[in-house]
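Only one structure is covered here, and it is reproduced in the block below.
Everything numeric in this text was worked out from a predicted model, so none of it was measured. Each ligand, and each atom within it, is numbered from 1 in the order the structure gives. Atom set for the values below is all heavy atoms of this structure, side chains included, hydrogens, waters and symmetry mates excluded. The first residue in the sequence is number 1, and the count goes up from there.
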Amino acid sequence: MSDSPPSNDFIREIIAGDLASGKHATTITRFPPEPNGYLHIGHAKAICLSFGIARENAATGARCHLRFDDTNPEKEETEYVESIKEDVKWLGFNWGGHLYFASDYFQFFYDCAVHLIKQGLAYVDDDGVEEMRAKRGNVNTPGTRSEFAGRPVEENLDLFARMKAGEFRDGARVLRARIDMASPNMNLRDPVLYRIMHAHHHNTGDAWCIYPMYDFAHPLEDALEHITHSLCTLEFENHRPLYDWFIDHCPVPSKPRQIEFARLNLTYTVMSKRKLLQLVQEGKVSGWDDPRLPTISGMRRRGYPAAAIREFCKRIGITKFSGTTDVALLEYEVRDFLNRGAPRRMAVLDPVRVVLENWSAEPLPHAVVSNHPQNPDMGEREVPMGGVVFIEREDFMEDPPKKFFRLGPDRCVRLRGGHIIRCSGYDKDADGNVSLIRAEILPGTVGMDAPEGVACKAAIHWVDAATAVDAEVRLYDRLFTVEDPDAAEGGFVSVLNPDSLKTVTAKVEPSLADAAPGFCCQFERVGYFVADSKDHRPGEKPVFNRTVALKDSWAKKSG
Ligand code: ATP
Ligand code: MG
């Protein structure tokens, strides 16, 4: 299924303008994740934007780099690098050979810092964290410059070299830019460029014990890669003057432009990697790819089509206004894609047995059921049929109201693709639950209208008892019970939904047992399901995840 045409937004307009005016011959964007967690749906928005723009401008030679922002040695792991690559690819994008690691530029950052020192624009400060904070001032009070700012260039060069050589302990000194201690923009009050950290780095090992700050490194990375448009989220808006200052004062080969857009927030979701990591580490979920998490890998395992995620990102658009998007919109897109493309199958989640008492009178080895009611191209399949079938417990009522068009004493209903049946009686167990339903088939009603005098308005799903397979079905629901878990008084963990996962043993048609992991379908009248990519073993142990229910039940529940 191909994507709908790209929508326009202020960033695409700026880029189109730069191409039209000849300011740039092409556009080069980048997606710069820090490899300290798995990607989430918020990242998908940034990916669809930067990789999408590159694709739309491919005719001019546009491209989008995947750059791991791995300048912080402490939190990064190669597991994250691999998962991020996989997620970007799965979303349908590629970096075409432009895969970079910020840590490969450590020498360049260092050279830029030395350049700033030589220009008198950076100095080594011995003030500790507390003193630096005290002298920084606040929005109303200008800061005061450290007494160490007066060091001559030679002394700064010497101290910085010795910082690099490992002569000092962590936190003993920092390198700062000399900008403006009175600036109303706090980011410009002599920001720290380098700190001492005797830490092992996944890429550079123990080669470095000083590490650059994000604000310093990021513009240099962009410039080094000749990024034309560096797209990031709004929280970096008041870092832009600093971004531009570094570009203006360092010996960089190009002049990238930073443009900010609103980040994605979703209801009933937490998105910060730190919080997702906490849920994983505390075992609140089964891992980063738990189908309840807003991670790309969780959504993939949940059965969300990549195209639906792309369409969702397009629909929410790119603006400067931050807000929170209703997660129901994402679920709507998923449902919309699956409704069009997912084949239909039959599975009974809460089975009760129906004995067709006159079965032998008209044997029918199988029913022929359409694979998609609106799409005849998807064909039909044979579903085994016998004298005992399972139907959904809720499709039978002992004392149904008039408007209940399913099964009840003396009532008729059609078994999808098969006969109309009439209920002739039922048994109950010791607990008072219906344990068995007796019914007769109305001969000659397969594919036919109900005969004169027979009221039959509905068809229900069913499975033949003799050939049905037991499947583990995981009914996933929202992970949190409130719209804004971050605002919960007791913290987001206090509002976890205790019913976010219910597991049932369903009776499913035999073909489902052989489905390949990742196979998506609609369980007719129930919802969309996917064969779990990790635990489902074809022919041995079928495991299905509920991707999304047929209808949004939360709209009612919470309304
Ligand atoms: P988090 O805040 O979830 O921990 P992050 O911003 O620290 O995420 P990065 O790895 O630094 O994660 O993000 C890589 C890119 O993805 C950045 O350019 C960032 O702006 C963008 N991004 C992160 N979260 C969102 C979001 N919710 N919506 C849109 N873009 C996002
Ligand atoms: Mg970040």
Per atom 2 (O) of ligand 1, closest listed option by heavy atom (Arg263, Arg274, Lys273): Arg263
Tell me whether Arg474 contacts the main-chain N or O of Asn545 through its side chain, where contact means a donor paired with an acceptor under 3.5 Å. no
What orientation do His229 and His24 show, parallel under 30°, tilted 30 to 60°, or perpendicular over 60°? perpendicular
Using modelled atom types and a 3.5 Å cut-off, is there a donor and acceptor pairing between side-chain atoms of Glu282 and backbone atoms of Leu277? no
For Gly42 and ligand 1, does the shortest N/O to N/O distance drop below 3.5 Å? yes
Ring-face cation of Arg173 near Phe168 (centre distance under 6.0 Å, axis angle within 45°): yes
If the cut-off is 4.0 Å to any non-hydrogen atom of Thr233, which atoms of ligand 1 fall inside it? 19 (C), 20 (O), 29 (C), 30 (N), 31 (C)
Mark the output for His40 as yes if a heavy-atom distance to ligand 1 is under 4.0 Å, and as no if none is. yes
Decide whether an N or O pair under 3.5 Å exists between Met271 and ligand 1. yes
Of the listed options (Cys232, Ser322, Ala46), which comes nearest to atom 21 (C) of ligand 1 when hydrogens are ignored and any heavy atom counts? Ala46
Using a 4.0 Å cut-off to any heavy atom of Ser272, which atoms of ligand 1 qualify? 3 (O)
Nearest 0.5 angstrom please: His115 NE2 to Tyr110 OH, how far? 15.0 Å
Please determine whether a side-chain nitrogen of the Lys or Arg among Arg478 and Glu331 lies less than 4.0 Å from a carboxylate oxygen of the Asp or Glu. yes
So if I count the atoms of ligand 1 from 1 in the order they appear, which ones are less than 4.0 Å from some heavy atom of Glu34? 9 (P), 10 (O)
